[in-house]
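In what follows, chains carry the letters A, B, and so on, assigned in the order in which the sequence lines appear, proteins first and then strands, with residues in each chain numbered from 1. None of these values were measured; they are calculated from a predicted model. Reckoned from all heavy atoms, side chains included, excluding hydrogens, waters and symmetry mates.
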Protein chains: 2
Amino acid sequence: MSTKPRGRPRAFEPGAALDALTNVFWTHGFAAASLDMLAASAGVNRPSLYAAFGDKRTMYLRAIEKVAAQLEASIAQVLAGERPVSDELTTFYEESIAAYLDGESGPRGCLIVCTAPSSSLDEPEVKDALRAVLAMIDRGLEKRFATAREAGELATDTDVRALARVASSALHSLAIRARAGESRAQLLTLARASVALTVGVPRSRRKR
Amino acid sequence: MSTKPRGRPRAFEPGAALDALTNVFWTHGFAAASLDMLAASAGVNRPSLYAAFGDKRTMYLRAIEKVAAQLEASIAQVLAGERPVSDELTTFYEESIAAYLDGESGPRGCLIVCTAPSSSLDEPEVKDALRAVLAMIDRGLEKRFATAREAGELATDTDVRALARVASSALHSLAIRARAGESRAQLLTLARASVALTVGVPRSRRKR
DNA sequence: CTATTTTTATGCGAGATAGTACAAAAATGT
DNA sequence: ACATTTTTGTACTATCTCGCATAAAAATAG
């Protein structure tokens, strides 16, 4: 099937290179990330980067797509509907917080929530990608809440759409707060309070 | 008291110049705002800008301080404790949404929430300023909720600190969503749902 | 072994960028 | 009138920036 391509083989793996690009954008944002930094981080020369990914804006959009895909997978996996909705939502926040805090040199929040808004007015495609990701998060939570409503975990008259938007808000705020330097304990306080307000106290923490 | 200064008088008003700088940073963020843009927007030459405000980073920090002061004033005024907490909180969100949507050329969210996170890892002072503003918002809401609890509008065992952090989250999200292009109606839906979840349905909208 | 194809690496080049030096300008003090 | 003080505006420098042109390198095809 995939017979060997004709010319000189690539000296780098595009997937690993995109990981490196994503890392640079995550720390510095779009505008402050220079091509020299990006190329050095990927261990590749600038022309090779251009050949593989296009210009800087395209590289940034690829990074957003990559993170968005991971996030979508995480939502599908954690909010699978196998445990009580409050437990799953708690896990979702906890895992997000862990991801926001574990940058190579300190906390850095979410690439999309924390860096895309800044460049979204100069780069319409970034704005579109940002809006799409926000909508994807809303939809993922809405779907889980709809299941919970059917299962009797939420009142039958619950507006799951609006509820999902509130639950997403906590996620956005967690990303920003993590990047601003808030402690894990502070972030967890917000996460737990948000869960309690949106879907009720988790069974494991309910007084009795 | 303020006898006239000795040398050639200023040809621009520093307050108006800072407004112009703030405007540029609001649209483009810190890194993408060039000194040429800033100077042109303020109608001033670059050396005059440097003399008045210091370097670009300092200009950006002044812009953040200015917006933070306006926000603090808005919180004190709108959440004064003169009306039911749900009404005041609704007004607070509505006014914030109006501000997020009324940029000169389209919606642009909040300068601090939408642009500061992106440069906060490269510029520690920006990170500190961002964290301080987030804490200020949390405190302002917490204070109002504490008053509401004393007034019997919230249950006596309400954790007003955690509640305030959730209410702040909605504000952060509104800022980002506005900049991403969500409609006023979408933003209002989130605002109303957040009010309902945190402090209950406003009297004016309560069924009976 | 030669031709072809694709990637790599050096390096260029046009332009933007941040910050500053310096002289002219515009005010006040004496 | 003249010196002093402060701001203005032009010009400058040194550096960075993006993106690309071009030739060498490394593979396959025949």
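Using a 4.0 Å cut-off on heavy atoms, the residues of residues 10-20 of chain B that approach DNA chain D are B:Arg10, B:Ala11, B:Phe12, listed by number.
Rounded to a whole Å, the CD atom of B:Glu123 is 13 Å from the C1' atom of C:dA18. As rounded to whole Å, 5 Å separates atom C1' of D:dA29 from atom CZ of A:Arg6. Look at CG on B:Asn45: it is 17 Å from P on C:dA24, rounded to the nearest Å.
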Review item, side-chain donor-acceptor pairs of residues 9-18 of chain A, under 3.5 Å, at least two apart:
none

Which atom pairs, donor and acceptor, lie under 3.5 Å between side-chain atoms of residues 73-82 of chain B and protein residues at least two apart or in another chain?
none

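Listed by first and then second residue, the salt bridge (Lys or Arg N to Asp or Glu O under 4.0 Å) pairs involving residues 108-123 of chain B are B:Arg57-B:Glu123 (not counting sequence neighbours). For the ring pair (Phe, Tyr, Trp, His ring centres under 6.0 Å) condition, no pair includes a residue of residues 85-127 of chain A, sequence neighbours left out.
Of the two residues near DNA chain D, A:Arg8 and B:Ala51, the one whose nearest nucleotide lies more 5' is B:Ala51.
Remark: A:Ser48 is not in phosphate contact with C:dT7, judged by side-chain N or O atoms under 4.0 Å from OP1 or OP2.
Partners of A:Arg8 by side-chain contact (heavy atoms from CB on, under 4.5 Å), not counting sequence neighbours: none found. Annotation: side-chain contact (heavy atoms from CB on, under 4.5 Å) contacts of B:Thr158 (sequence neighbours excluded): B:Arg149, B:Leu154, B:Ala155, B:Val160, B:Leu163. Under the side-chain hydrogen bond (donor to acceptor under 3.5 Å, both in side chains) criterion, B:Asp159 pairs with no residue at all, not counting sequence neighbours.
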_Summary of protein contacts for nucleotides 15-23 of chain D, nucleotide by nucleotide, where a base hit scores B, a sugar-phosphate-only hit scores S (4.0 Å, heavy atoms)_ = --SBBBB--
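Taking the six-membered ring where the residue is Trp, A:Phe30 and A:Tyr60 present tilted rings, their angle falling between 30° and 60°.
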